[in-house]
Amino acid sequence: MRTLFLAGVVALIVFALPGVVAFAADLLGYGADLNAWAESHLGVSHRLALGLPAGVILFCVPPLIVLLYFLRLKRKPLAVPSTFLWKKSVEDLHVNRLMQWMRRNVLLLLQLLAALLVIYSVLGPRTQGALQSGRHYILLIDNSISMSATDVPPSRLEWAKAEALKVIDSAADGDPGMLIVFNSTAEIRQSYTHNKEELKAAVRAVGPTEFATRIDEALALAASRANPNRSTENAAVAPQNPEPGKERTYYSPDGFEADVYLLSDGRFPPVADFALQNLTLKYPQMPAKAERGTSDNVGVVRFDATRDGEDTRAVLATATIHNYRTQPAEVKVWLDVRAGDGRLIGTYRQQIVVPGKEPRVIDPDDTPADKRSPEPKPGSVDRVAFLIPDLPDTSDAVLELRLEHGGDSLPADDRAWVAFGVARKATVLVVTKGNKWIRNYFDTKAARTAADFRYLDPADLADPKEYLTPAREGKYDLIIFDRCAPAGEDQMPVANTLFIGHPPPPYTPLEAAKPGDPNAVTPVKNPLIRGWAARHPVMRELRALDEVWVTDAFKLPFLPPRTPRLLEGDQDLVLLAALPRQAYTDLVLTFPIASANADGPDRVLHTSWPLQVNFPMFLRNVLYQLGNVRNAGAEDPLKPGQMIPLRIGAEKEVFVTKPGQDAGTRFDRGNRPEVAYSHTDKLGVYTAEWGGGAAKQTRRFAVNLFDTEESNLAPVNQFKVGAETVTAGDPKQVPRELWKLAVLLGLAVVLVEWWVYNRRVQI
């Protein structure tokens, strides 16, 4: 019994030592250092739930308990004979020796244990907690369409939200956190806050979308919040007396370090021009059931429909289907042809086998992302063709493609749509002194079928009746300025434009340039064409442009941010740029086609482009894209979030019905000639209606995913941000608050102490 009791005393002292060390560290100001060491070596941390004065009082409780027991050490006075008195005195001395006395006071040990457990509960020990208080953290949650995949039950987005909640739980109470949600764009859902429940509510409210994934805007938002000198949270702009209830937290303009938790599958384009600076990017590894480099998905990545050139009633629909599994997939492909009112006209079916994706060569985990073996291409059937023999060119029809293959992790890309529209001609104004190379195409039957053309001399640009009034009222869909331009920005038309061999305002042309003019263009002789944006609609189907020679060009002094460079020369020269202007595009060709000489107005060629078949194709692309031409063929496919101009003529409003909706939403045209509709956030067919009665018009357009990166569900383990390589790490462990266990054990010890006490009283 004596040995057992001594062991209990020693265990109690050992049990008390960590708490004494932790409290002493907090008392001396070394609590953060102790936490850092304990987290790295033991995986635990602590946080004192009381102020230091209250903590000192609490740590004095165990010594006070012991002191009270010593104060209770008394003899009972007894009237006994003298011989008995000496005998009892000797026995009493034996009893009151320290260890002999303590062996009879098990209650003391139980009460000390209960007090220590209370102290530990106040110290707040926990596993997987924050190293230190006051560190900022930013949650980046990807809610793009690939995050709706169900290969991580119940979905990838729910996994990301659960990981975000773990990060919030593991943060210290003094850690300010914020939430940024991103897909093709990014938004701040919750600014920096110390209120964990508020931040958790914002995380739980994140829902899925059908957009693609882009991370550059999200990183820029995170950087702006970690560098307040570039944001509205700079302490230098803090108001003196903020309005009650609208107080905000402001930070030093020097910035601060922040942990950024990226919760995504990593399926986004690389971010080349970005420096993390004081951001520490943490990328938890998403659990994937499929073999590395593969995913459980079969999807449509392209769907087109064109009318036969000879028989306009015949339509050929073709689709491309990818298989991202390692095993071949047996797929039933259905094509439904529906009228505009939803009535089924016809159904076609094919059964195909899509080969599987070859497994990727396993690279070591430490291999940099830019040196890894390229990811193999998915299995593919590039042409699944359907011939629809009788679809009149006056019909308003929708084609819907469906895949049946037993199900996969992303059903969203198993469907695709094509909408056939009613023909619409463009109204085009050509301002030129005479250019036969342009008229050679515009005078063709094909061009006349697509648009009505009007020609104007450059001298008439100042005439209100001839140019200014019609241009400002939006009478034209497209205006082509050949070697001329309006006098100023206030005279630019309410329409898309093409400038040939002359810069638009506010740029200063060569003949009017003065020394020191920041807007003046500079001449360039004999530039070489080095590349072109083949995917841009204006440059579609253009080939061998590097064989075109140019004698005279000019260089624009600056370009607006994110201006598409459609045709580029050597020495960073832009030969064709698509300048954005509100809802319109100003296409600028920086070299002339031809100029005048003694033999005629367009005899001197400044480029060989008009001598190639590419040139009329370029003019056709400009006419159809910038002139908003619609023939009886299929509408150009849109991707989620992409804007589409709806030209509604003299009507003031248009109603757009989204997929799955019964009623349309009203959009006002205002003073513009068109409505720039950008609410394309759902996959499917949209219906736009304007006018009334016999003048009612309808236009349908389809929004499809058609994104191989979103359909490829294999999580990315490593990617680059600027010059840094980010590698996926282990997911955040669930933080466990050990103080709850200490409280439960303390209650159990109190119950045992009560039971022991009652047993003694009864005995």
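Keep in mind it's a predicted model, so treat the numbers as computed, not measured. Values reported hereafter were calculated over all heavy atoms of this structure, with side chains retained and with hydrogens, waters and symmetry mates removed.
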I'd like to know whether D142 forms a side-chain hydrogen bond (donor to acceptor under 3.5 Å, both in side chains) with S264, so could you lay out the CA-CA distance, the side-chain angles of the two residues, the decisive distance to 0.1 Å, and finally the verdict. CA-CA 5 Å; D142 176 7; S264 170; 2.9 Å; yes
Kindly indicate whether a cation-pi arrangement holds for R454 with Y476, taking the cut-offs as under 6.0 Å to the six-membered ring centre and within 45° of the axis.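 So R454 doesn't make the cation-pi contact.
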Cationic tip of R620 above Y624 ring, under 6.0 Å, 45° of axis: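 That pair qualifies as a cation-pi contact.
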Do [X] and [Y] make a side-chain contact, defined as non-hydrogen atoms from C-beta onward lying under 4.5 Å apart?
{"X": "M492", "Y": "D586", "answer": "yes"}
{"X": "L567", "Y": "T590", "answer": "no"}
{"X": "L611", "Y": "L605", "answer": "yes"}
{"X": "D681", "Y": "P640", "answer": "no"}

Where do Q718 and T727 land on the side-chain hydrogen bond (donor to acceptor under 3.5 Å, both in side chains) test, with the steps shown first? CA-CA 4 Å; Q718 198 176 68; T727 304; 2.9 Å; yes
Assess whether salt bridge (Lys or Arg N to Asp or Glu O under 4.0 Å) is satisfied between R448 and D443, documenting all intermediate values. CA-CA 7 Å; R448 291 290 183 182; D443 288 342; 3.1 Å; yes
For K525 and D552, what are the C-alpha separation, side-chain angles and deciding distance, and is it a salt bridge (Lys or Arg N to Asp or Glu O under 4.0 Å)? CA-CA 5 Å; K525 287 291 186 179; D552 300 283; 2.4 Å; yes
Full working for ring-ring contact (aromatic ring centres under 6.0 Å, His included) between Y441 and F615: CA-CA 9 Å; Y441 170 72; F615 188 67; 9.0 Å; no
When you compare the side chains of [X] and [Y], does any donor N or O come within less than 3.5 Å of an acceptor on the partner?
{"X": "E710", "Y": "S146", "value": "yes"}
{"X": "N183", "Y": "S144", "value": "no"}
{"X": "T508", "Y": "D517", "value": "yes"}
{"X": "Y686", "Y": "R699", "value": "no"}
{"X": "H606", "Y": "S595", "value": "yes"}
{"X": "D452", "Y": "T427", "value": "no"}

Can you see which heavy atom on T680 is nearest to which on F211, and at what distance?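 Looking at all heavy atoms of both residues, the closest pair is O-CE2, 4.1 Å.
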Ignoring hydrogens, what is the shortest heavy-atom contact between T497 and L626? Give both atom names and the distance.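 Smallest heavy-atom distance, with atoms named: O-CD1, 3.8 Å.
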Strictly distance-based, threshold 3.5 Å: is any side-chain N or O of [X] a donor or acceptor partner for the main-chain N or O of [Y]?
{"X": "Y455", "Y": "G434", "result": "no"}
{"X": "T318", "Y": "R383", "result": "no"}
{"X": "D413", "Y": "V300", "result": "no"}
{"X": "E724", "Y": "V721", "result": "no"}
{"X": "R581", "Y": "A495", "result": "yes"}
{"X": "T320", "Y": "R302", "result": "no"}
{"X": "S608", "Y": "W549", "result": "yes"}
{"X": "N614", "Y": "R543", "result": "yes"}
{"X": "T449", "Y": "K445", "result": "yes"}
{"X": "Y467", "Y": "Q491", "result": "yes"}

Give a yes or no on whether a salt bridge exists between R267 and D707, defined as a side-chain N under 4.0 angstrom from a carboxylate O.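 The answer is no: the pair does not qualify as a salt bridge.
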Kindly state whether the ring of F268 and the ring of F719 have centres lying under 6.0 angstrom apart.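 So the answer is yes for these two rings.
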Any chance the rings of H502 and F554 have centres within less than 6.0 Å?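 Ring centroids of H502 and F554 are no less than 6.0 Å from each other.
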Using the ring of each side chain (for Trp, its six-membered ring), is Y324 parallel, tilted or perpendicular to H322, with breaks at 30° and 60°?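 Answer is perpendicular, since the angle exceeds 60°.
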For R565 and D572, run salt bridge (Lys or Arg N to Asp or Glu O under 4.0 Å): C-alpha distance rounded to whole Å, both residues' side-chain angles, the deciding distance at 0.1 Å, then the answer. CA-CA 10 Å; R565 300 181 173 205; D572 196 33; 2.8 Å; yes
I need the L276 CG to F274 CZ distance, nearest 0.5 Å.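 Result: 6.0 Å between the selected atoms.
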